[in-house]
**Q** 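Below is the structure I would like to discuss, written out as structure tokens.
Lettering of chains follows the sequences in order, A, B, ..., and the numbering in each one begins at 1.
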Protein chains: 2
Amino acid sequence: MAATDRGDLTRTAILALLGTVGPLSRTEIARELDLSPATVTQLTKALMAAGMLEELDLQPSRGGRPAQRLGLLGSAGRALGVKVTAEHLVIVEVRLDGDVLGSWETPFDPSSPDALGDLSEAVADVLGQMPPLLGVGVCVPGSVDDQAVGTVNAPTLGWQAMPVGDRLRRRLKLPVLLENDVNALAVAERLYGRGRTHRDFLVLTIGRGVGAAIVADGRVYRGARGGAGEFGHVPVAVDGPLCGCGVYGCLEAVVGAAGLVASARERGLHVTTVDELGALASSDATAREVFTEAGTILGRTTAGLINVVDPEVVVVLGEGTANWPYWQRGFDTAVRHQLMPGRRDIEIEVESWDDTSWAQGAAALVLATPFDTEGAAGEQGRMVRARLIGATP
Amino acid sequence: MAATDRGDLTRTAILALLGTVGPLSRTEIARELDLSPATVTQLTKALMAAGMLEELDLQPSRGGRPAQRLGLLGSAGRALGVKVTAEHLVIVEVRLDGDVLGSWETPFDPSSPDALGDLSEAVADVLGQMPPLLGVGVCVPGSVDDQAVGTVNAPTLGWQAMPVGDRLRRRLKLPVLLENDVNALAVAERLYGRGRTHRDFLVLTIGRGVGAAIVADGRVYRGARGGAGEFGHVPVAVDGPLCGCGVYGCLEAVVGAAGLVASARERGLHVTTVDELGALASSDATAREVFTEAGTILGRTTAGLINVVDPEVVVVLGEGTANWPYWQRGFDTAVRHQLMPGRRDIEIEVESWDDTSWAQGAAALVLATPFDTEGAAGEQGRMVRARLIGATP
DNA sequence: GGGACTAACTTTACCAATAAAGAAAGTGAG
DNA sequence: CTCACTTTCTTTATTGGTAAAGTTAGTCCC
């Protein structure tokens, strides 16, 4: 992009790279960040002079001069990640290398008149306990209009044009990044998961809602108004159940948590949550059938998306993956059945999941900014990078 | 990206910009190409010294120093665009500003043992008649594996791993760019159509097949293996008709040309082509019903895609648009019905279409390379730019 | 007609990154 | 031990582009 306004982007990218994957040689850094060796030599020299990097051991030679590994000196960056739901907040503290240092959970009412104040205070409380960090990432089940400002539209929370970013920044005096929850997961996946080796992939989430994030050419695609990835609202049934979005027959209404429970009750099962349904499935064929059918519908719809987007890998995440073995029967056959020939070998991977995964995604928003070559995170990203350079003694 | 290897990218971008939209002031150029005014001053100075640009009239002042418009001197670039189908080739000659200078059509048999030889000769014949040009763009109904090489997979043509690019380059001694046909249309749209004002849009094509191209952040998204946009193979019916791809119930099998005819005959109409069906529709309600139903299915599926991709505009193109008034009844209501609230205001535009439109898209591949900041077109793109700089006297 | 203002350009100093060429530090074959 | 070769890193000259601070040429208003 620019020649001079990239700020410390490249410098911080080196620090962040070493922070996330551990010591590397100069050549490896160059390869990883798509720089010339000359540049890496220059920048690492500066970083070493500033006391942020040190030379470590020599790698055994592979037929030429042995590689000199470089390692981070001093504290690696840390960030806070916040997941906002209609009932509670989950906050995690994550180190640059992905290690979770701590997690907190508090009840939260997004419809309270001063919801943003409550949110700010909850985060501030956690912050009080710890040394300064790079920034705070927040993910919400909705769309983020202008990422630089952080205006949130989230029907699930009853939020419309909520100035979440602005408010948090004023209270916390830290860079604050906002993003849709599924997109945040995709950022985390790009930083620590399948994205390290793939530039084009899909992240699918199942749980209360159903979502998708599209990673194209290594970047999370946000769409014209930050609303890309509303996979849950692809129509799958002409006269399907009413969805929370007001439309009938959305995928989410059919295979989301509420849809599963409804479908189970229609079959005479007395369950009120997906967890109960999952527990029942080990012994009850009808319960398994509910999952299988959901898997079939999800699989068919996913196949369509794969045909349109042509990813290398699909990663499945979300609370719903707990019951994945039951989904899988239907899903696998449906996907393979509906994929175009030549794409049937696509890898579909279900990754581990726990309660803090969403919040970890949010933290990744901050920890990924040093790699954000396009400067998409804007002003907030620049601030994060400035803190990374400034923090290490 | 790089500092030094961008070649003449910016210089050619200025030439191409003036070629496509006509004379502009330095400030306008800077705005359009996302450069600083200083850079534009420097580069235009060089281009004027080289005799490629001239200063024209002064624009009336808008409160400050009046803008000095700059215009191209000498011949603007021209390119050839080739559309390959199972029956014939359409070739057009297009000037940088989008003007079509000529068009040719010849029968073509892709299954002939020397199909690539036939193709090369057909293009060479046309080339023989004209002064040298920037390059040749070729679009095919299929996917292009490695754009730099130009290896084509196109089931419709019976082509698998066909080295089209390689062969043409050797015969023509010109830069040759290959692309999927719908993606090529999207490039043209980006250069001359809605893309001039929108960075995120969808191109939908209806006709023999059904396709889509996704333009995200101003770039045509090609997917992991160049196979993005296979919208025609999204599943829409559980027990639908068999599609050419070997799967049952694809959108294309239902609302593609063959699907429409089949559906019409099921209803007792004696038609063998969509053209006949279209002619009949003006007087026959059943024929109209066929289109309306197809429009409904297309609309519902498109709404799903819009929900996932969140574009600003959708452009509908293709032979099938001739009957659009009949599709529209079903399409419009289905789309509005299935779109998430807040997206219902999306603009859907049907553009004019003629037999050479596909080939014009192919030519746009070449004419757009000067703007291809990411250098996606690789070596061939660089050659096109070199020719643009070299050609103008 | 003379400031105050504004928009369009230009100059200058500088910066980030590169290519190209070379130095450094090993391996392995004869 | 020496020579050819490989890989890693460094040096140097150069490039493409920028920000910041002019300069130029108008308008508008008194």
**Q** Kindly write out the residues that satisfy side-chain hydrogen bond (donor to acceptor under 3.5 Å, both in side chains) with B/Glu189, not counting sequence neighbours, or none if the list is empty.
**A**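 Testing B/Glu189 for side-chain hydrogen bond (donor to acceptor under 3.5 Å, both in side chains), a comparison that skips the adjacent residues, returns none.
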
**Q** Mind listing the closest non-hydrogen atom pair of B/Ala188 and B/Gly361 along with its distance?
**A**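 The pair with the smallest heavy-atom distance is CB-CA, 3.9 Å.
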
**Q** Nearest heavy-atom pair of B/Thr41 and B/Arg26: which atoms, and what distance?
**A**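 Heavy atoms of B/Thr41 and B/Arg26 come nearest at OG1-CD, 4.2 Å.
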
**Q** Grab the two heavy atoms, one from A/Arg385 and one from A/Thr12, that are nearest each other, plus how far apart they are.
**A**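 For A/Arg385 and A/Thr12, the tightest heavy-atom pair comes out as CD-OG1, 3.2 Å.
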
**Q** Assuming nearest nucleotide by heavy-atom distance, tell me which of A/Pro37 and B/Glu55 is located more 5' along DNA chain C.
**A**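 The residue mapped nearer the 5' terminus is B/Glu55.
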
**Q** Over how many whole Å does the gap from A/Leu9 atom CG to D/dT18 atom C1' extend?
**A**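 About 16 Å, once rounded to whole Å.
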
**Q** Listing time: all N or O pairs from protein to nucleotides 23-26 of chain D that are below 3.5 Å?
**A**
{"residue": "D/dA25", "atom": "N3", "partner": "B/Arg65", "partner atom": "N", "Å": "3.4"}
{"residue": "D/dG26", "atom": "N2", "partner": "B/Gly63", "partner atom": "O", "Å": "3.0"}

**Q** In residues 18-29 of chain B, what residues come within less than 4.0 Å of DNA chain C, judged by heavy atoms?
**A**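 Those residues whose heavy atoms fall under 4.0 Å from DNA chain C, taken from residues 18-29 of chain B in numerical order, are B/Ser25, B/Arg26, B/Thr27.
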
**Q** Can you confirm whether A/Arg387 sits close enough to A/Leu174 that some side-chain heavy atom of one is under 4.5 Å from a side-chain heavy atom of the other?
**A**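 The answer is yes; the side chains approach within 4.5 Å.
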
**Q** Find which nucleotide of DNA chain D each of A/Val40 and B/Ser36 is nearest to by heavy atoms, and output the residue with the more 5' nucleotide.
**A**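 Per heavy-atom nearest nucleotide, the more 5' residue is A/Val40.
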
**Q** Roughly how far, to the nearest 0.5 Å, is the CE atom of B/Met52 from the CZ atom of B/Arg11?
**A**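 If I round to the nearest 0.5 Å, the distance is 9.0 Å.
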
**Q** Measure from CD on A/Gln42 to P on D/dT15 and round the result to the nearest Å.
**A**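 In whole Å, D/dT15 P and A/Gln42 CD are 17 Å from each other.
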
**Q** How close do B/Ala16 and B/Pro370 get, heavy atom to heavy atom, and via which atoms?
**A**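 Looks like CB-CB, 3.4 Å.
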
**Q** Round to a whole Å and report the spacing from CZ of B/Arg11 to C1' of D/dG16.
**A**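 The answer, rounded to whole Å, is 9 Å.
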
**Q** Specify the separation, in whole Å, of atom CZ of A/Arg69 and atom C1' of D/dC9.
**A**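 Rounding to the nearest Å, CZ of A/Arg69 and C1' of D/dC9 are 17 Å apart.
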
**Q** Looking at every strand, decide which applies to A/Ala67 at a 4.0 Å heavy-atom threshold: base, sugar-phosphate, or nothing.
**A**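 Sugar-phosphate, backbone atoms only, no base.
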
**Q** Could you state the atom-to-atom distance from CG of A/Leu43 to C1' of D/dC9 in whole Å?
**A**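 Answer to the nearest Å: 14 Å.
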
**Q** Separation of A/Leu35 atom CG from C/dC15 atom P, in whole Å?
**A**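 Whole-Å distance recorded here is 19 Å.
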
**Q** When you measure from the side-chain N and O atoms of A/Thr39 to the phosphate of C/dA17, is any distance below 4.0 Å, counting only OP1 and OP2?
**A**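 Checking A/Thr39 against C/dA17: no side-chain N or O falls below 4.0 Å of OP1 or OP2.
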
**Q** To the nearest Å, how far apart are B/Leu56 CG and C/dC9 P?
**A**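 Computing the B/Leu56:CG to C/dC9:P distance gives 12 Å.
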
**Q** With heavy atoms under 4.0 Å as the rule, sort B/Gln68 into base, sugar-phosphate or nothing.
**A**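 The residue B/Gln68 makes sugar-phosphate contact but no base contact.
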
**Q** Starting the side chain at C-beta, find the nucleotide from C/dT10, C/dT18, C/dA8 nearest to B/Arg62.
**A**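 Nearest listed nucleotide: C/dA8.
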
**Q** Identify whether the distance between the nearest side-chain nitrogen and carboxylate oxygen of B/Arg69 and B/Glu28 falls below 4.0 Å.
**A**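 Salt bridge absent between B/Arg69 and B/Glu28.
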
**Q** Does a nitrogen or oxygen in the side chain of B/Lys45 sit under 4.0 Å from OP1 or OP2 of C/dC9?
**A**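 Answer is no, no contact under 4.0 Å.
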
**Q** Would you check if A/Arg199 and A/Arg190 make a side-chain contact, meaning some heavy-atom pair closer than 4.5 Å?
**A**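 Yes, at least one pair of side-chain atoms sits under 4.5 Å.
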
**Q** Rounded to whole angstroms, how far apart are CD on A/Gln59 and C1' on D/dT6?
**A**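 These atoms are roughly 17 Å apart.
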
**Q** Can you tell me if the side-chain N/O atoms of A/Thr41 get under 4.0 Å from OP1 or OP2 in D/dT11?
**A**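 Negative; the distance criterion is not met.
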
**Q** Evaluate the side-chain proximity of B/Val215 to B/His198: yes if any heavy-atom separation is below 4.5 Å, no if none is.
**A**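 No. Closest side-chain heavy atoms not under 4.5 Å.
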
